[in-house]
Q: 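Mind looking over this structure? Questions follow.
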Protein chains: 2
Amino acid sequence: MQISSKFTIAIHLLAVIHYLGEDGKATSSVLAGSIGVNPVIVRNVMGNLKEAGLIKISQGKSGITLSKKPDEITFYDVYKAVDCVKEEGLFHFHENPNPECPIGRNIHTAMDAKLDRIQASMEAEMRGITLADVMTDIQNELKKE
Amino acid sequence: MQISSKFTIAIHLLAVIHYLGEDGKATSSVLAGSIGVNPVIVRNVMGNLKEAGLIKISQGKSGITLSKKPDEITFYDVYKAVDCVKEEGLFHFHENPNPECPIGRNIHTAMDAKLDRIQASMEAEMRGITLADVMTDIQNELKKE
DNA sequence: TTTTCCTGTAATCGCGTATATTACAGGCAG
DNA sequence: CTGCCTGTAATATACGCGATTACAGGAAAA
């Protein structure tokens, strides 16, 4: 099991948009070229990011730009925007525990809060990492070249 | 995307085994009945838990027992035992970023450590929760009935 | 030792989800 | 107006999860 690549695609997307800057020629085809996936996937992810208010899209001979500064865009924002993990939560609970069994009819109550805590801890870590951190690391790599 | 129910099945399994106790008639069929899944799934999960040294299995007219005390079995132990999340990590990275693009050829380096940190934070939380915590909550629920 | 039940495991099936791909309608910029 | 781009639907393919059947082998109990 893995979290859909839509998440890393979205971060990559934002990084390229920021790198190209205001006047940049960021289109779904250009972005798809850098990321190595189909342009339609990029357009879908772009749609998610737009709904979440992270980017601005203009049509025609366009130009896609960030709506916020890189240090205001957290991994959590992106993760929520692309909706990789559904409402039911990160953990798939087996659905038919036996209510005739003392464990079966209480296992859900006993575990739900604990699973939520685990997921919350992951999401908290995500709130502490921003697009700016990624850009810094990329620029450090580029200097080495 | 969700983490396979093998994880919650495994916890449920351990809870029933502990509840039935040493002389308990815990077999894959009995366990499957409480959990509400196919016995073969239970046997596979049992195999994982056995490899990880969490339970002892004897064949014939059997009896499955815990190898450790409930407060020595953490969620992390179980999660690792059932191998829900593969070696490549929790996040699925898009596989073909373009090396001709300055972002494309550095995005992996820039993100890997960050993704690991997120996963590590989740796993750390898991180390702090044990089977004993689950048993306590279940017993509290049973008292209410 | 024989019987009986249980585990271990392979093979197959159905289903849902991820990603790719094609196609086309609609919108904005030049 | 024209050309390029986005938005989105429809479809195809691949893969993983869980269900199910089937059977070989082993250990306990008689």
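Letters go in sequence order (proteins before strands), and every chain restarts at 1.
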Q: CD1 of A:Ile57 versus P of D:dC5: gap in Å, rounded?
A: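 Atom-to-atom, A:Ile57 to D:dC5, this comes out as 14 Å.
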Q: Going by the rule ring pair (Phe, Tyr, Trp, His ring centres under 6.0 Å), which residues pair with A:Phe93 if we only count those two or more places apart in sequence or in a different chain?
A: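 Scan of A:Phe93 (ring pair (Phe, Tyr, Trp, His ring centres under 6.0 Å), adjacent residues dropped) gives A:His108.
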Q: Between A:Leu13 (CG) and D:dT6 (P), how many Å, whole number?
A: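 Nearest whole value for this atom pair: 11 Å.
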Q: Show the atom names and distances, to 0.1 Å, of all donor-acceptor pairs under 3.5 Å that link a side chain in residues 40-54 of chain B to residues at least two apart or in another chain.
A:
unit_1, atom_1, unit_2, atom_2, d
B:Arg43, NH1, B:Ser28, OG, 3.2
B:Asn44, ND2, B:Val40, O, 3.4
B:Asn48, OD1, B:Lys6, NZ, 3.2

Q: Any salt bridge (Lys or Arg N to Asp or Glu O under 4.0 Å) pairs touching residues 92-114 of chain B, not counting sequence neighbours?
A: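 Found A:Asp137-B:Lys114, A:Glu145-B:Arg105.
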Q: How does each nucleotide of nucleotides 14-24 of chain C score, in 5' to 3' order, for protein heavy atoms under 4.0 Å: base (B), sugar-phosphate only (S), or none (-)?
A: ----SSBBBB-
Q: To the nearest Å, give me how far apart CD (A:Glu51) and C1' (D:dG7) are.
A: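 After rounding, the gap between these two atoms is 11 Å.
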Q: On the nucleotide D:dG7, are OP1 or OP2 found under 4.0 Å from the side-chain N or O atoms that A:Lys50 carries?
A: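 Looking at the OP1 and OP2 atoms of D:dG7, one of them is under 4.0 Å from a side-chain N or O of A:Lys50.
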Q: Given atom CD1 of B:Ile64 and atom C1' of C:dC6, what is their separation to the nearest angstrom?
A: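 Roughly 9 Å, once rounded to whole Å.
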Q: Which pairs pass salt bridge (Lys or Arg N to Asp or Glu O under 4.0 Å) with one or both residues in residues 68-84 of chain A, sequence neighbours excluded?
A: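 Pairs touching residues 68-84 of chain A that pass the test: A:Asp83-A:Lys86.
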Q: Could you state the atom-to-atom distance from CD of A:Glu95 to P of D:dC17 in whole Å?
A: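 Going from CD in A:Glu95 over to P in D:dC17 covers 15 Å.
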Q: Identify, with sequence neighbours excluded, every residue that meets ring pair (Phe, Tyr, Trp, His ring centres under 6.0 Å) alongside B:Tyr79.
A: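 In terms of ring pair (Phe, Tyr, Trp, His ring centres under 6.0 Å), with neighbours along the sequence ignored, B:Tyr79 is linked to B:Tyr76.
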Q: Under the ring pair (Phe, Tyr, Trp, His ring centres under 6.0 Å) rule, collect the residues that match up with A:Phe75, sequence neighbours excluded.
A: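 Expected list: A:Phe7.
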Q: Among residues at least two apart in sequence or on other chains, which ones pass ring pair (Phe, Tyr, Trp, His ring centres under 6.0 Å) with B:His92?
A: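 Partners of B:His92 by the ring pair (Phe, Tyr, Trp, His ring centres under 6.0 Å) criterion come out as none, since no residue qualifies.
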Q: Can you sort out the partners of A:Glu125 under salt bridge (charged side-chain N to carboxylate O under 4.0 Å, His left out), two or more places apart, ordered by chain and number?
A: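 With sequence neighbours excluded, A:Glu125 shows a salt bridge (charged side-chain N to carboxylate O under 4.0 Å, His left out) to B:Arg117, given in chain and number order.
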Q: Of all residues at least two apart in sequence or in a different chain, which pass the side-chain contact (heavy atoms from CB on, under 4.5 Å) check with B:Pro97?
A: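 Counting only residues at least two positions away or on another chain, B:Pro97 forms a side-chain contact (heavy atoms from CB on, under 4.5 Å) with A:His12, B:His94, B:Ile107.
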Q: Specify the residues of residues 97-105 of chain B, ordered by number, for which at least one heavy atom lies under 4.0 angstrom from an atom of DNA chain D.
A: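 Result for residues 97-105 of chain B: none.
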Q: To the nearest 10°, let me know how far the axis at one end of the helix from C:dT1-D:dA30 to C:dG30-D:dC1 is tilted from the axis at the other, five pairs an end.
A: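 What I find for the helix from C:dT1-D:dA30 to C:dG30-D:dC1 is an axis angle of 30°.
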Q: So, for A:Pro70 and A:Leu66, which heavy atoms are closest and what is the spacing to 0.1 Å?
A: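 Where A:Pro70 meets A:Leu66 most closely, the heavy atoms are CG-CD1, 4.4 Å.
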Q: Using only atom types and a distance under 3.5 Å, with no angle test, would you say the side chain of B:Ser34 pairs donor to acceptor with the backbone of B:Leu31?
A: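 Looks like no, no N/O pair under 3.5 Å.
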Q: Within this structure, what is the CG-to-C1' distance between A:Asn44 and D:dT8, rounded to whole angstrom?
A: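 Spelled out: CG on A:Asn44 to C1' on D:dT8 is 8 Å.
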Q: Rounded to the nearest angstrom, tell me the gap between atom CE in A:Met46 and atom C1' in C:dG27.
A: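 Interatomic distance, CE of A:Met46 to C1' of C:dG27: 14 Å.
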